[in-house]
Amino acid sequence: MTAPVLLVIAHGSRDPRHAATVHALTARVRSLRPGLRVETGFLDFNAPSVPRILERLAAQGAGTTRGTEAGQATGEVIALPLLLTRAFHAKSDIPTVLRDARTRLPRLRVRQAEVLGPSPLLNSALERRLREAGIRSGDRSSTGLVLASAGSTDPEAIAVIAEIARELRHTGWCSVRPAFASATSPAGFPRTEDAVRALRAEGVRRVAVAPYVIAPGRLPDRIAEGAAGADVLADVLGPAPELARLLLTRYDEARSAAARPAALTA
């Protein structure tokens, strides 16, 4: 039986760096697991769109599990949202697209995997980017960290960002402030520039900004603009090795979950 296709679903952006970063990440995933078919679909702005890539996979019988009476293949796909939190896209946009695909493409079995975060692997990727930006372990006690995410009004997503900030506080930073690139959140998270100013006002000697985003685009650029008053700006998570490993972890979890009911009834 062929392994299900891993379909990575990215948001998409008019910024060409976004798609290039997503493709670099999926290339790293392929290198970690040769033989696994990894495809990329976008919700907006970039091609192929998620419906188009699913149509192509259905036509090709990708991830074939068995033949139908007519001899045509039944394909299996695990759709993995390239998202750090469970917010609107994970709860509404992507499920809607996948439900429509199941209706239009009944021979294609599509299962949605969990979003990427929270995960210790994401924290490790964040730490990697900070090290690459020049932060050393001995710098933490005198460095305030701004954890800058894109932003959300979803309570679940907000709670995840707040919890990550709390976890990071226990790793040696003198202070950690969550911030949003977009408008101030219902939880009261400041914008990046306001969080930097608040740390300065507290007398923090050094301020670092860590973008908790996957790929470049409009909101990451806004984070960078807000980090103008900081000493260190880390890069986006991008095709970090930890992120590639996490994609495979979520794929394996979804595959195991799909097999579990069959195992229980066997």
Side-chain angles (χ1 to χ4, degrees), residues 1-68 72-84 89-90 92-117 119 121 213-217 236-259:
M1 183 172 66
T2 304
V5 174
L6 169 56
L7 171 60
V8 177
I9 299 180
H11 182 274
S13 172
R14 291 186 178 89
D15 189 324
R17 297 173 299 167
H18 176 91
T21 300
V22 172
H23 288 307
L25 176 59
T26 54
R28 174 155 267 168
V29 172
R30 292 186 194 97
S31 71
L32 290 176
R33 191 168 296 182
L36 173 63
R37 182 169 179 179
V38 183
E39 298 287 349
T40 306
F42 295 90
L43 291 175
D44 207 352
F45 302 117
N46 302 108
S49 67
V50 176
R52 296 293 82 77
I53 191 68
L54 287 171
E55 289 169 4
R56 185 197 308 165
L57 291 172
Q60 295 172 347
T64 300
T65 55
R66 67 174 185 270
T68 66
Q72 295 176 322
T74 298
E76 188 172 359
V77 175
I78 291 177
L80 198 164
L82 196 61
L83 300 169
L84 299 178
H89 294 304
S92 180
D93 281 3
I94 293 176
T96 298
V97 170
L98 298 184
R99 277 196 302 270
D100 179 65
R102 294 185 190 103
T103 301
R104 293 185 300 104
L105 309 167
R107 298 191 188 281
L108 192 67
R109 297 177 177 179
V110 184
R111 177 177 291 269
Q112 182 175 334
E114 291 296 330
V115 298
L116 299 178
S119 168
L121 284 169
V213 293
I214 293 174
V236 297
L237 300 175
E242 297 85 356
L243 199 56
R245 286 164 49 203
L246 180 55
L247 263 66
L248 289 173
T249 297
R250 294 290 183 252
Y251 169 85
D252 290 338
E253 290 169 350
R255 192 176 181 189
S256 296

Exercise for review: Can you sort out the partners of R14 under salt bridge (Lys or Arg N to Asp or Glu O under 4.0 Å), two or more places apart, ordered by chain and number?
Suggested key: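 Salt bridge (Lys or Arg N to Asp or Glu O under 4.0 Å) list for R14, sorted by chain: empty.
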
Point to revise | Any residue meeting salt bridge (Lys or Arg N to Asp or Glu O under 4.0 Å) with R250, in chain and number order, not counting sequence neighbours | key: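 Residues passing salt bridge (Lys or Arg N to Asp or Glu O under 4.0 Å) with R250: E253.
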
Review point. If you round to the nearest 0.5 Å, how far is CG of L84 from CG of L246?
Key: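 So the gap between those two atoms works out to 9.0 Å.
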
**Study point:** Straight-line distance of L80 CG to L247 CG, nearest 0.5 Å
**Key:** 5.0 Å

Tell me, please, which residues at least two apart from [X] pass side chain to side chain contact (heavy atoms under 4.5 Å, CB included).
{"X": "H11", "answer": "F45, H89"}
{"X": "R33", "answer": "L36, L248, Y251, D252"}
{"X": "P216", "answer": "R17, T21, V236"}
{"X": "R28", "answer": "S31, P241, A244"}

Under 3.5 Å, is there a donor-acceptor pair between the side chain of [X] and the main chain of [Y]?
{"X": "D44", "Y": "S13", "answer": "no"}
{"X": "H18", "Y": "G12", "answer": "yes"}
{"X": "R30", "Y": "V38", "answer": "yes"}

So which heavy atom on [X] is nearest to which on [Y], and how close?
{"X": "P95", "Y": "Q112", "answer": "CG-OE1, 3.6 Å"}
{"X": "I53", "Y": "G41", "answer": "CG2-CA, 4.2 Å"}
{"X": "A113", "Y": "P81", "answer": "O-CD, 3.4 Å"}
{"X": "A254", "Y": "I78", "answer": "CB-CG2, 3.7 Å"}
{"X": "R52", "Y": "S49", "answer": "CG-OG, 3.0 Å"}
{"X": "A19", "Y": "N46", "answer": "CB-ND2, 3.9 Å"}

Exercise for review: Mind running side-chain contact (heavy atoms from CB on, under 4.5 Å) on I214 and L116 for me, showing each step along the way?
Suggested key: CA-CA 11 Å; I214 293 174; L116 299 178; 3.9 Å; yes

Practice item. Check step by step if side-chain contact (heavy atoms from CB on, under 4.5 Å) holds for L82 and T40. Key: CA-CA 10 Å; L82 196 61; T40 306; over 6 Å; no

A side-chain contact here means heavy atoms from C-beta on lying under 4.5 Å apart; do [X] and [Y] qualify?
{"X": "E39", "Y": "V8", "result": "no"}
{"X": "L25", "Y": "L243", "result": "yes"}
{"X": "L105", "Y": "L57", "result": "no"}

Exercise for review: Applying side-chain contact (heavy atoms from CB on, under 4.5 Å), run through L237 and V213 and close with a yes or a no.
Suggested key: CA-CA 6 Å; L237 300 175; V213 293; over 6 Å; no

Exercise for review: Using a strict cut-off of less than 4.0 Å between a Lys/Arg side-chain nitrogen and an Asp/Glu carboxylate oxygen, indicate whether E76 and R111 qualify as a salt bridge.
Suggested key: no

Exercise for review: List the steps, then state whether side-chain contact (heavy atoms from CB on, under 4.5 Å) holds for V77 with R109.
Suggested key: CA-CA 6 Å; V77 175; R109 297 177 177 179; over 6 Å; no

Practice item. Say whether R37 and Q60, considering side chains only, have a donor N or O and an acceptor N or O under 3.5 Å apart. Key: yes

